[in-house]
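First the proteins, then the strands, lettered A, B, ... as listed; each starts at 1.
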There are 2 protein chains.
Amino acid sequence: MTIDKKHKRDIIKAKRSACPVSIGLEQFGDKWTLLLIRDLIFGAKKFKDFEAGSEKIPTNILASRLKMLEHNGLIEKKIYQERPKRYEYSLLEKGRDVIPVLHSVAKWSIKYDKESFEPPERFWAAGNDDS
Amino acid sequence: MTIDKKHKRDIIKAKRSACPVSIGLEQFGDKWTLLLIRDLIFGAKKFKDFEAGSEKIPTNILASRLKMLEHNGLIEKKIYQERPKRYEYSLLEKGRDVIPVLHSVAKWSIKYDKESFEPPERFWAAGNDDS
DNA sequence: CAAGTAACTTTCAAAAAACAAGTATAAAAA
DNA sequence: TTTTTATACTTGTTTTTTGAAAGTTACTTG
């Protein structure tokens, strides 16, 4: 996989420190990346699926995040149809292993924000290796 | 506590959705906020302490994040000395409750990035109510 | 052959982050 | 008493990232 210069900056960043908190945040410490992983848990596969998510991610950011996640090995992109070329994305183990982060974030929000809804059972079940 | 217009935008944002993952990310889904909570766990109290952290946060961002965390009730700011006025910050329960997020992020990084170091015992112990 | 669909890319204004200095208050040192 | 040091920020300026909308490419369908 070659990376053109245009997208290099989306993917390669200097490491700020060797602290494991800092390192993790460099991969998914932004407002969108974890939501994409959430969407994958709930069955999103195609570009359109993510676009349709409840937070209305801009398509340019979606494209760059998917590229980044793929480059970093959290997800994979596969062609499921030639002519017209269509792709689907799926979680790899490295990506499934961030599900505990989603769980801890969700627990916090449910405790402190009355507006947040209680996720369905499949959300809590995800990552417990029965998925 | 009154908020001047200049900092209103640092604090008030429209909610994107009622998803608990999304709501949590609006509070600490950025590259710096969780690092400040980490620093608090490790004993940082004063502005200078955070400034000295290993990731070299810019001071204007530090000021705005501390303000935001205080406004949202995750930390509190207290004067510990009049003349000259000196302040110290500390975690409130709402802030201590994000420690599990730090733990899950750290576990992921340790598993997937060889450069990340293993945090000291007090990091894993934090939030287990013996702190 | 016009319209529709999926998966992006491009454009560009606006917001946020990064960087470099500067400010206010007071203590302490020369 | 003038200078230096310290804390806790704030203020400009530049750079980067975001967000919103429109455009592109490669087909398929009526």
For D:dG19, does either OP1 or OP2 sit under 4.0 Å from a side-chain N or O belonging to A:Lys31?
yes

Which nucleotide in the list D:dA6, D:dC27, D:dT10 gets nearest to the side chain of B:Arg86?
D:dA6

Give the rounded distance in Å between these two atoms: NZ of B:Lys56 and P of C:dA20.
14 Å

Between CD1 of A:Ile61 and P of C:dT11 the distance, given in whole Å, is 17 Å

For A:Ile57 and D:dT18, what is the distance between atoms CD1 and P respectively, to the nearest whole Å?
10 Å

Touch class at under 4.0 angstrom, heavy-atom based, for A:Lys77 against every strand present:
sugar-phosphate

Euclidean distance, atom CG of residue B:Leu62 to atom C1' of D:dC9 [Å, nearest integer]:
9 Å

Does B:Lys67 put a side-chain nitrogen or oxygen below 4.0 Å from OP1 or OP2 of D:dA8?
no

Does a nitrogen or oxygen in the side chain of A:Trp32 sit under 4.0 Å from OP1 or OP2 of D:dG19?
yes

Tell me which nucleotide among C:dA7, C:dA17, C:dA27 gets nearest to the side chain of B:Pro84.
C:dA27

Of B:Thr59 and B:Arg65, the one whose closest DNA chain C nucleotide lies more 5':
B:Arg65

To the closest 0.5 Å, what do you measure between OG (B:Ser17) and NZ (B:Lys15)?
9.5 Å

If we check side chain to side chain contact (heavy atoms under 4.5 Å, CB included) with B:Leu36, which of these qualifies: B:Leu62, B:Leu91, B:Ile41?
B:Leu62

If you look at every strand shown and take non-hydrogen atoms under 4.0 Å, does B:Tyr89 touch a base, only sugar-phosphate, or nothing?
sugar-phosphate

Nearest whole angstrom, please: distance from the C1' of C:dA7 to the CG of A:Leu36.
15 Å

B:Ile79 atom CD1 is separated from D:dA8 atom P, nearest whole Å, by 11 Å

Of the listed D:dC9, C:dA26, C:dC19, the closest approach to the B:Tyr87 side chain comes from D:dC9

Value rounded to 0.5 Å, distance of CD1 in B:Ile61 from NZ in B:Lys31
7.5 Å

Which residue lies toward the 5' end of DNA chain D, A:Gln81 or A:Pro58, if each is placed at its nearest nucleotide?
A:Pro58

Say you draw a straight line from CD of B:Glu88 to OH of B:Tyr80; how long is it, rounded to the nearest 0.5 Å?
7.0 Å

Upstream residue (5' side of DNA chain D) when B:Asn60 and B:Lys46 are each assigned their closest nucleotide:
B:Lys46

Atom-pair distance (CZ on A:Arg16; P on C:dC19), nearest Å:
11 Å

Could you check how far CG of B:Asp49 sits from C1' of D:dA8, rounded to whole Å?
12 Å

Determine whether a donor-acceptor pair (N or O, by modelled atom type, separation under 3.5 Å) exists between the side chain of B:Asp49 and the backbone of B:Lys45.
yes

